[in-house]
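Have a look at the structure below before the remarks.
Predicted model, so just to flag it, every value in this text is computed and none were measured. This chain uses plain numbering: 1 for the first residue, then up along the sequence.
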Amino acid sequence: MLDLHAHTTYSDGRLTPSELVEAAAKAGIRALAITDHDTLAGWDEAIAAAATWGIEIVPGVELSTVHRDRSLHILGYYPNPDQLQAPLRERVEGRKRRAQQILDKLAALGYVVQMPFLGEGVAPSRPHIATAMVEAGYVKSSREAFDRFLGDHQPAYVHYEKFSIQEGISLLRSCGAIAIWAHPYLYRGGEIEEVLLELIEAGLQGVEVYHPNHTPSQRQTLEKWCQQYGLLMTGGSDYHGPAEFENQPSNTLNMLQLPMELLSPLKQAVYDLQ
């Protein structure tokens, strides 16, 4: 089985790359994509751990773009890291600026929070701030932090810095990556097929069809569109680590039982670009 969407502590995951690889191997995964938000920093550790556990690492990234004033994520697989590292450093700096703006809003509301030291290459995100709020005693869980303060339209929310789908897809493709729309039905900025056509015009090459938040009928619709528009199909758990507390719903590795056959067309697309 394979899982083409997972996060580590280098973005908003709760497992280190080594811990994630071990958990994936024990869950029966033979190929695992490391797709942290706007950073490639977890690759090396994951690849080293994969040699021990005998699984294949698919190098990837989940790029944060903004479309129609809404967050839209694009997965990029097999990018050239030498070409992508410098542009991603600016994306991480943008995340740091956004995090500081969120902290400033929280402080204005009376909730002074210190951002924890995250380490080199880590992309700061709202879950990091939510964890800091829990540790400060302002909320009982990260979920509460999002529901009351950090979620979309809540008082401390700050939009991502402007980075269009055209810029994101162009960046990925210029680095040799395959650009895939992540979890389309989580997007809230318009009709899915209409947005899909805009993404295709911008150079999109595929869609994450199989995702825990997609219903069976939504998956069927996405499969149909991929066939209609000649797009690649991928899928993954969007795993961020074990649940924060007992009985909390959480995605699990290999929960979709996706076959290894999904990886071949992706690799072929990479080969065709070379």
Side-chain angles (χ1 to χ4, degrees), residues 4-7 11-13 35-38 61-76 91 94-95 97-99 101-102 105 123-130 141-169 171-172 179-226 228-229 231 233-240 248-251 255-256:
L4 295 177
H5 193 163
H7 300 273
S11 61
D12 56 354
T35 53
D36 281 315
H37 295 283
D38 300 323
V61 65
E62 187 169 9
L63 202 60
S64 305
T65 70
V66 176
H67 186 55
R68 301 184 182 186
D69 291 322
R70 291 282 187 161
S71 172
L72 188 151
H73 290 178
I74 302 170
L75 293 159
R91 306 310 311 153
R95 280 181 165 270
R97 291 189 289 268
R98 181 193 186 216
Q101 291 170 6
I102 293 173
K105 281 195 169 188
S125 60
R126 285 180 291 169
H128 293 125
I129 297 174
S141 69
S142 294
R143 183 70 270 159
E144 182 185 352
F146 271 82
D147 289 344
R148 292 178 55 194
F149 301 103
L150 305 178
D152 294 5
H153 309 300
Q154 297 308 314
Y157 178 76
V158 174
H159 282 289
Y160 287 109
E161 292 187 357
K162 297 297 184 183
F163 189 58
S164 71
I165 56 173
Q166 290 83 6
E167 290 172 315
I169 292 173
L171 173 60
L172 290 172
I180 305 289
W181 187 10
H183 40 64
Y185 280 99
L186 292 184
Y187 179 68
R188 297 291 181 266
E191 293 293 329
I192 300 302
E193 187 173 17
E194 182 180 321
V195 174
L196 177 60
L197 292 175
E198 293 174 333
L199 287 161
I200 292 171
E201 184 177 357
L204 188 79
Q205 295 148 290
V207 172
E208 185 178 44
V209 173
Y210 309 104
H211 186 275
N213 290 92
H214 290 168
T215 66
S217 63
Q218 288 170 342
R219 293 174 195 167
Q220 290 176 359
T221 298
L222 292 173
E223 288 173 341
K224 180 190 72 174
W225 287 339
C226 284
Q228 180 178 347
Y229 299 117
L231 299 171
M233 295 187 290
T234 71
S237 63
D238 200 358
Y239 184 68
H240 286 74
Q248 178 188 16
S250 178
N251 296 354
M255 64 187 297
L256 299 179

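- Proximity of a side-chain donor or acceptor of R91 to a complementary backbone N or O of D38 within less than 3.5 Å is not detected.
- Note that CD of E62 is 10.0 Å distant from CD1 of I74, once rounded to the nearest 0.5 Å.
- Residues P127 and D12 share a closest heavy-atom pair of CG-CB, 3.7 Å.
- Between the side chain of T65 and the backbone N or O of L72 there is at least one donor-acceptor pair closer than 3.5 Å.
- Using a distance-only test at 3.5 Å, with no hydrogens or angles considered, no donor-acceptor pair links the side chain of R219 to the main chain of Y210.
- Side-chain atoms of H159 never come within 3.5 Å of backbone atoms of S71 as a donor-acceptor pair (strictly under, hydrogens ignored).
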Could you walk me through whether Q218 and H211 pass the side chain to side chain donor-acceptor pair (under 3.5 Å) test, one step at a time? CA-CA 10 Å; Q218 288 170 342; H211 186 275; over 6 Å; no

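- A perpendicular orientation is assigned to the rings of H214 and Y185, their planes being inclined by more than 60° (bins at 30° and 60°).
- Of all non-hydrogen atoms in P212 and M255, the two that sit nearest each other are CG-SD, 3.6 Å.
- Remark: side-chain polar atoms of S64 are not paired, donor with acceptor, to backbone N or O of H73 under 3.5 angstrom.
- Rounding to the nearest 0.5 angstrom, the gap separating the NE2 atom in H37 from the NE2 atom in H7 is 4.0 Å.
- Under 4.0 Å is where a charged nitrogen must lie from a carboxylate oxygen, and between D69 and R188 no such pair does.
- A 4.5 Å side-chain heavy-atom check between Y160 and R95 finds at least one atom pair inside the cut-off.
- Side-chain N or O atoms of K105 include one that pairs as donor or acceptor with a backbone N or O of Y157 at under 3.5 Å.
- For E208 (side chain) and T234 (main-chain N/O), no donor-acceptor pair under 3.5 Å exists by modelled atom type.
- A179 and Q205 make their closest contact through N-OE1, 2.7 Å (heavy atoms, listed as atom of the first residue, atom of the second, distance).
- Inter-residue side-chain proximity for P184 and L222 is flagged as met; some heavy-atom pair is nearer than 4.5 Å.
- I169 CD1 to L199 CG: the interatomic distance, rounded to the nearest 0.5 Å, is 5.0 Å.
- When side chains are defined from C-beta on, Q154 does not count as touching F146, because their heavy atoms never get closer than 4.5 Å.
- Residues L4 and L75 are not in side-chain contact: their nearest non-hydrogen atoms beyond the backbone lie 4.5 Å or more apart.
- Interatomic distance, NE2 of H240 versus OG of S125, reported as 8.0 Å (0.5 Å rounding).
- The environment of CD in E193 is crowded: more than 12 heavy-atom neighbours from other residues, nucleotides or ligands sit within 6.0 Å.
- Here the straight-line distance linking atom NE2 of H67 with atom CD1 of I165 works out to 4.0 Å at 0.5 Å rounding.
- Between the H153 side chain and the G151 main chain, no donor and acceptor come within less than 3.5 Å of each other.
- With a 4.5 Å cut-off on side-chain heavy atoms, I192 and W225 count as touching.
- Enclosure of atom CD in Q228 by more than 12 non-hydrogen atoms of other residues, nucleotides or ligands within 6.0 angstrom is indicated.
- Distance CD/Q166 to CG/L204: 11.5 Å, rounded to 0.5 Å.
- Between Y187 and W181, the ring planes lie perpendicular to each other; the angle is over 60°, past the 30° to 60° tilted range.
- Looking at V61 and L172, their side chains come closer than 4.5 Å, going by heavy atoms from C-beta outward.
- What you find for V207 and C226 is that their closest heavy atoms are CB-SG, 3.8 Å.
- When all heavy atoms of V158 and R98 are compared, the pair lying nearest together is O-NE, 2.7 Å.
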